[in-house]
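For reference, the structure is listed below as structure tokens.
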Amino acid sequence: MLIKNYSSELMAYSAEKAREEAKKHYGNEIYIRGLIEISNFCKNDCYYCGIRKSNKNCNRYRLSKDEILECCKEGYELGFRTFVLQGGEDSYYTDEVLCEIIREIKSEYPDCAVTLSLGERSKESYQSLFDAGADRYLLRHETAVKEHYEKLHPDSLKFDERMRCLRQLKEIGYQVGCGFMVGSPYQTTEYLAKDLKFIEEFSPHMCGIGPFISHKDTPFKDEKSGSAELTVFLLSLIRLIKPNILLPATTALGTLDEKGREKGVLAGANVVMPNLSPLSVRKKYMLYDNKISTGQESAQCVEDLKKRLKEIGYKVVTARGDCKE
Ligand code: 5AD
């Protein structure tokens, strides 16, 4: 099977083909998204995640509307035209609170896209947030196999609910992103094949994948981390399955491999998501051990990123970066 027996030759071949596909749709342009981690409070207890409810060592915070707008201001000046509001499932952020934040961002920065990544909510809630101006929603499916999903999550989280959310987000009209971790506990190559099949069928606008990295305060603390190599190979396969997809080279990939982002781009990724969260909270949004970008300011990150991607022939652009049909 393609995934099980991947070799360096197959990786190189797939990467070349994937780059060609990405170039057809997006040229040598790389889109950037400003990631604002608005809260690390979470009602869920996912076995892999460092901000899970039961982690007593997690220092909790949430950002106010003004703090979020301050991040957008800084981001706009740096050339970001997409803001991603990501957080745990924190009941503080009611529809009312979120709609007001979204409306203010959209009225101050009408040329920007707002992406939400705030977990599972009701259809009505997704609709209100969309009506307030949100353009995109990221909700990783985590795994396309129900039995696997149940091994990564407590009973309160249901695979069918996850799928319900993804379906409804698309129906409402969001540009939708799904995704999964590579090398999560109990994952098999068959499961990965099902993830790829799911992506083919669901046909999301975006797909975020990154290696699983264990976190010391979770039930999966002793599980081994996923492979950066396999992640990169899967990026190429996803690009080939859905040539115009928005495909980020993720922070987790950059954490595991110093050159992870470059490798991701050279394998067909066309998006990077630098951290725009206030410096004071960055260390607190620890989904996994040693998450990067906690010391650097995004200003430095973006300049550094531009330089690094230029060296491999790519250009970071100031654009909303919508999915091209
Ligand atoms: N390693 C890698 N990725 C993780 N995520 C959560 N915990 C980890 C971990 N330990 C990912 C999940 C989630 C996203 C926000 O971060 O896929 O959807």
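Nothing fancy with the numbering, it's 1 onward along the sequence. Whatever order the structure lists ligands and atoms in, that order sets their numbers, starting from 1.
With respect to Asp257 and Lys259, no salt bridge is recorded, no charged nitrogen being found less than 4.0 Å from a carboxylate O.
Within the listing of ligand 1, atoms 7 (N) sit less than 4.0 angstrom from a heavy atom of Cys49. Here is the list of ligand 1 atoms found below 4.0 Å of a heavy atom in Phe212: 1 (N), 2 (C), 10 (N). Atoms of ligand 1 lying under 4.0 Å from any heavy atom of Arg140, numbered from 1 in the order shown and given with element: 11 (C), 12 (C), 17 (O), 18 (O).
At least one heavy atom of Pro211 sits less than 4.0 Å from an atom of ligand 1. Heavy-atom separations between Met181 and ligand 1 include at least one value shorter than 4.0 Å.
In this structure the side chain of Arg33 reaches within 4.5 angstrom of the side chain of Tyr31, judged on heavy atoms.
Atom CD1 of Ile213 sits about 14.0 Å away from atom OH of Tyr48, to the nearest 0.5 Å. Here CG of Leu2 is found 5.5 Å from CG of Leu10. Values are rounded to the nearest 0.5 Å.
The protein non-hydrogen atom at the shortest distance from atom 16 (O) of ligand 1 is Leu287 CD1, 3.5 Å. Annotation: atom 13 (C) of ligand 1 to nearest protein heavy atom, Glu142 OE2, 3.4 Å.
Phe202 carries Lys170 over the face of its six-membered ring, with the cationic atom under 6.0 Å from the centre and within 45° of the normal. The cationic group of Arg140 does not satisfy the cation-pi geometry with Phe180, failing either the under 6.0 Å distance to the six-membered ring centre or the 45° limit from the ring axis.
The nearest non-hydrogen atom to atom 10 (N) of ligand 1, considering only Thr250, Leu138, Leu256, Ile213, comes from Ile213.
The nearest pair of heavy atoms linking Val265 to Ala249 is N-CB, 4.5 Å.
Annotation: Tyr48 places an N or O atom under 3.5 Å from an N or O atom of ligand 1; distance criterion only.
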